[in-house]
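Have a look at the structure below before the remarks.
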Amino acid sequence: MDANGLAVKFFVQKDISQEIQAELCETITSLGGRVEAKVPSTDRPERHFVPYTYVEACKIAGMLLRQIFVENGAPIKMHIHHSIANVNARAALSQRIMHSGGDPTASPQSARVILADPNTEVFQHLVKSYQGVPDKYIESYLWVKKCVEKGALLYTPLVYKNPGGRRPGEERTSFTEEDEERLCQWIATKIPYKETGGRTGNRLYQQLCEMTLSMHG
């Protein structure tokens, strides 16, 4: 069923094996869809070509997977970088991209999106290498899942950070109220009068880091 409660129509290519065709027809009808005997002749913008594994993927997801990785009727080209080393993770990522309309087989040069592991040094290198290239995006492998869950294509904005800063897509570690209270007390002890200045100085921060390291060392 689509968003309006109408049956989604499918046409199954005849070059697929009879056994798989039978399974597809059974699954589609059980989920409320319709299998058409002929390909409709008129062009429609909402028509998509999907791999036959799409039907099972929709069943597992419990929803009709939107074709979000498509632009002007063509799949958005993506490259799965070798920094994502796990073979199973690469295969799952490739399937997820295809089921949402994208092409995961592109080269790094031709891809609009390069998917890499943000926990590797090469990720930052890729960001720096392509930051001046228009319509080129470096994304975490988790980005695909986030887009699918939101049902929309949302690129991560490029944020210029110091080398020691957070990587794109990572959350900032929040202070608890207790952390903030301790910090305020420590600063007040070191520099009791705000007027004397230095409360926002880098040296004060370095002392706090050194003290933290010695406490945990």
Side-chain angles (χ1 to χ4, degrees), residues 1-6 8 10 27-28 31-33 44-120 122-161 165-174:
M1 295 281 190
D2 64 12
N4 300 315
L6 300 172
V8 176
F10 288 85
T27 306
I28 289 166
L31 296 173
R44 295 206 307 242
E46 66 271 21
R47 181 191 293 158
H48 303 285
F49 292 89
V50 294
Y52 69 80
T53 50
Y54 171 81
V55 174
E56 187 64 23
C58 289
K59 182 180 178 181
I60 292 168
M63 64 177 182
L64 190 71
L65 295 169
R66 294 180 62 186
Q67 301 299 285
I68 55 173
F69 300 133
V70 175
E71 189 172 77
N72 300 323
I76 292 173
K77 293 181 180 295
M78 302 190 195
H79 174 74
I80 301 173
H81 193 264
H82 61 75
S83 62
I84 304 168
N86 185 290
V87 176
N88 293 329
R90 292 174 67 87
L93 193 58
S94 181
Q95 288 284 306
R96 184 168 264 162
I97 292 165
M98 284 195 296
H99 292 151
S100 293
D103 174 10
T105 64
S107 67
Q109 291 74 28
S110 65
R112 171 179 283 200
V113 182
I114 296 177
L115 299 158
D117 185 344
N119 299 312
T120 58
V122 74
F123 188 87
Q124 286 299 329
H125 176 71
L126 286 167
V127 170
K128 288 175 184 175
S129 298
Y130 289 105
Q131 64 187 17
V133 181
D135 286 334
K136 194 88 167 183
Y137 303 91
I138 311 301
E139 298 286 356
S140 160
Y141 58 85
L142 297 170
W143 172 80
V144 173
K145 184 171 182 282
K146 287 178 183 176
C147 288
V148 171
E149 288 174 349
K150 290 180 179 178
L153 180 65
L154 300 166
Y155 294 115
T156 305
L158 181 62
V159 180
Y160 294 92
K161 299 187 182 76
R166 288 170 294 141
R167 294 186 178 92
E170 287 186 349
E171 299 292 332
R172 183 189 293 274
T173 304
S174 300

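Residue indices begin at 1 and follow the sequence shown.
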Keeping [X] on the side-chain end and [Y] on the backbone end, is there a donor-acceptor pair under 3.5 Å?
| X | Y | value |
| --- | --- | --- |
| H79 | S107 | no |
| K136 | Q109 | yes |
| E139 | Y155 | no |

So which heavy atom on [X] is nearest to which on [Y], and how close?
| X | Y | answer |
| --- | --- | --- |
| P75 | G101 | CB-O, 3.1 Å |
| D135 | R112 | O-CG, 3.4 Å |
| F123 | A116 | CD1-CB, 3.7 Å |
| V148 | S100 | CG2-OG, 3.5 Å |
| S83 | V122 | CB-CG1, 3.6 Å |
| I84 | L115 | CD1-O, 3.5 Å |

Notebook entry, point to check: Is there side-chain contact between D117 and Y141, with at least one heavy-atom pair below 4.5 Å?
Noted result: yes

Quick note, ring-ring contact (aromatic ring centres under 6.0 Å, His included) partners involving residues 58-78, not counting sequence neighbours, are F69-W143

If I take atom [atom1] from residue [X] and atom [atom2] from residue [Y], how far apart are they, to the nearest 0.5 angstrom?
| X | Y | atom1 | atom2 | result |
| --- | --- | --- | --- | --- |
| Q124 | I138 | CD | CD1 | 10.5 Å |
| H81 | R90 | NE2 | CZ | 9.0 Å |
| M98 | L93 | CE | CG | 10.5 Å |

Residues at least two apart in sequence or cross-chain that pass ring pair (Phe, Tyr, Trp, His ring centres under 6.0 Å) with Y130, listed by chain then number, are none

With sequence neighbours excluded, residues passing salt bridge (Lys or Arg N to Asp or Glu O under 4.0 Å) with [X]:
| X | result |
| --- | --- |
| D103 | K77 |
| K150 | none |
| E56 | none |

Residues passing the side chain to side chain donor-acceptor pair (under 3.5 Å) test with Q67, sequence neighbours excluded, are none

